[in-house]
Amino acid sequence: MATVNNKKKKQELTVEQRINRRNFISFTTFFVVGGAMFGGWKWLFNAPEEAEGITAGARKPLRRALNKTELFFRRIFSNDHEVKLYPPSMAAKEVRVNGDIGIDDEDYNPDSWQLSVVKNKKETLQLSLADLKKLPKTDIVFDFKCVEGWDQIQHWGGVKFTDFIAHFGLQQQARMKYVGMETPNSEYYIGLDMESALHPQTLLAYEMNGQPLELEHGAPLRLIIPVKYGIKNLKRIGAISFSNERPPDYWAEQGYDYYSGL
Amino acid sequence: MKEIKEKHSLLMRWTHWINFPVLAIMIWSGMLIYWANDVYTITIFGHTLLRFFPDWFYQLFNIPQRLAEGMAFHFLFMWLFMLNGFFYVLYTIFSGEWRELMPNRRSFKEAWLVLLHDLHLRKTMPPQGKYNAAQRVAYTAIIFMGIGSVLTGLAIYKPVQLYWLCWLCGGYHIARILHFILTVGYVFFFLIHIVQVILAGWNNFRSVVSGFEVVNKQDPTI
């Protein structure tokens, strides 16, 4: 009897204490965890920039996260996933020009243009536009997407990259992991993972709205790759190369995601 | 006599307080991204009432020229936002707590009465459970908004690989607008939420940290 009474008394006494006790535990946890989260945020926000290499300009942990996220989303990449197509009548007549990095030489003469395809250290193909135009022409009307957030329905025509690979006997090179492209003056350069480059909608384009490309749009030959943001759609391709390491990429050196895939 | 009345589960409290900073970072990094193509306005009959965002706003939060940084943060914290939301939704479904949370047949009508009551236009409020009708509507809506943000976000993040999702969201262009509108929605939700929490008082606030409320109850044995 006595013990039961005691227990009862204890319980009655502890209502207030239990409130205080639980408040103490909860709020201590709340502030400790909250402080830790704030500390974690400060750590991330003040994290040092990555060492300058193929990628640069991002906080170290955030670059790691971008690269890991790339691996995740590459799992859902498929050649069967194609960008939506539109009728040519919906294509913009005034096609947006967003930059002239790498194509702003005032004395540039497009007639002297040649495409260098670096097969390996010893062998480089030199191709003219006429060489490329012998291949079947493919047209694409799709919603072009800029990393800035704008989009525009545009109409491009040219050689499918897969046709290009097959026709010029680059199957060996296409087994490597990356494709690199750069402007003739080497001031703008991009790297592509091979699967994106070999996507059936990737074009080496020499026409826009059925007309020869204008200089500001990348004449004589530019890349149109709908599975990437505009930053990878290099204008005025001077050289194409292949490698198993990530080729240099202009915007990946400015803190952007290397993959930049859509 | 004071009594402890259990109110919020541990998981609900953790996910709530994790979501708060994570969503704040998502909104902030989202603004760093939005700045690069800040074309949205509220325009009626050719009059632009509001531009997202005015210059003073950009300067105040130091937003310009930080697109790459914004994307890097956004694409890390999206994982936390999704995982946290996923755990909350899963828990709410399997614990049965959704029954106290989802609006029922009466909720939409009663939510209106609650609103009138809160605006001091009506003296009484219909009897309510753990959440009143307005809360049921609001707290369920915010979860669907969160799901909407994830879906529209994925649609503009991978519009080619997830082309069917992009199509479901009305296409790339519309999906980006919806993603933005939902974010404006969170800001409004937050403002009203804060005012309501302050008005509801300490006992209510504490229950979202400690899980219980203190109620006064007559001792039936006396």
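Chain A is the first sequence line, chain B the second, and so forth, proteins listed ahead of strands; every chain is numbered from 1.
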Report yes if the side chains of A:Val147 and B:Met71 come closer than 4.5 Å at any heavy-atom pair, otherwise no.
yes
Quick one, B:Leu76 and A:Leu44 - any side-chain contact, counting heavy atoms below 4.5 Å?
yes
Which of parallel (below 30°), tilted (30 to 60°) and perpendicular (above 60°) describes A:Trp41 and B:Phe73?
tilted
Structural part of A:Lys68 lying under 4.5 Å from a heavy atom of chain B
neither
Part of B:Leu162 lying under 4.5 Å from any heavy atom of chain A
side chain
A cation-pi test, strictly: NZ or CZ of A:Lys84 under 6.0 Å from the centre of the six-membered ring of B:Tyr163 and no more than 45 degrees from its axis. Yes or no?
no
Using ring-ring contact (aromatic ring centres under 6.0 Å, His included), reason through B:Trp14 and A:Phe30 one step at a time and then give a plain yes or no.
CA-CA 9 Å; B:Trp14 272 91; A:Phe30 184 76; 9.5 Å; no
Region of B:Leu10 that comes under 4.5 Å of a non-hydrogen atom in chain A:
neither
Is the A:Trp150-B:Tyr172 ring centre distance short of 6.0 angstrom?
no
Using the side-chain contact (heavy atoms from CB on, under 4.5 Å) rule, take A:Val15 and B:Val214 through it: C-alpha gap first, then chi angles, then the decisive distance, then the call.
CA-CA 10 Å; A:Val15 171; B:Val214 178; over 6 Å; no
Work out which heavy atom in A:Glu82 is nearest to a heavy atom in B:Val160; give both atom names and the distance.
C-CG1, 3.7 Å
Side chain, backbone, both or neither: which part of B:Arg206 has a non-hydrogen atom closer than 4.5 Å to chain A?
both
Closest heavy-atom contact between A:Val227 and B:Gln161?
CG1-NE2, 4.1 Å
So for B:Trp79, is it side chain, backbone, both, or neither that comes closer than 4.5 Å to the heavy atoms of chain A?
side chain
For B:Glu3, is there an ion pair with A:Arg18 - N to carboxylate O distance below 4.0 angstrom?
no
Hey, mind stepping through A:His81 and B:Lys158 against side-chain contact (heavy atoms from CB on, under 4.5 Å) and telling me if it holds?
CA-CA 10 Å; A:His81 297 160; B:Lys158 299 291 166 191; over 6 Å; no
Can you find a pair of side-chain heavy atoms, one from B:His173 and one from A:Asp143, that are under 4.5 Å apart?
no
Does any backbone or side-chain atom of A:Leu66 lie under 4.5 Å from a heavy atom of chain B? Answer side chain, backbone, both or neither.
side chain
Is the ring pair A:Phe27/B:Trp202 parallel, tilted or perpendicular, if the boundaries are 30 and 60 degrees?
parallel
Chain A contact via B:Phe20 - side chain, backbone, both or neither, heavy atoms under 4.5 Å:
neither
Can you say whether B:Ile25 sits under 4.5 Å from chain A via the side chain, the backbone, both, or neither, judging by heavy atoms?
side chain
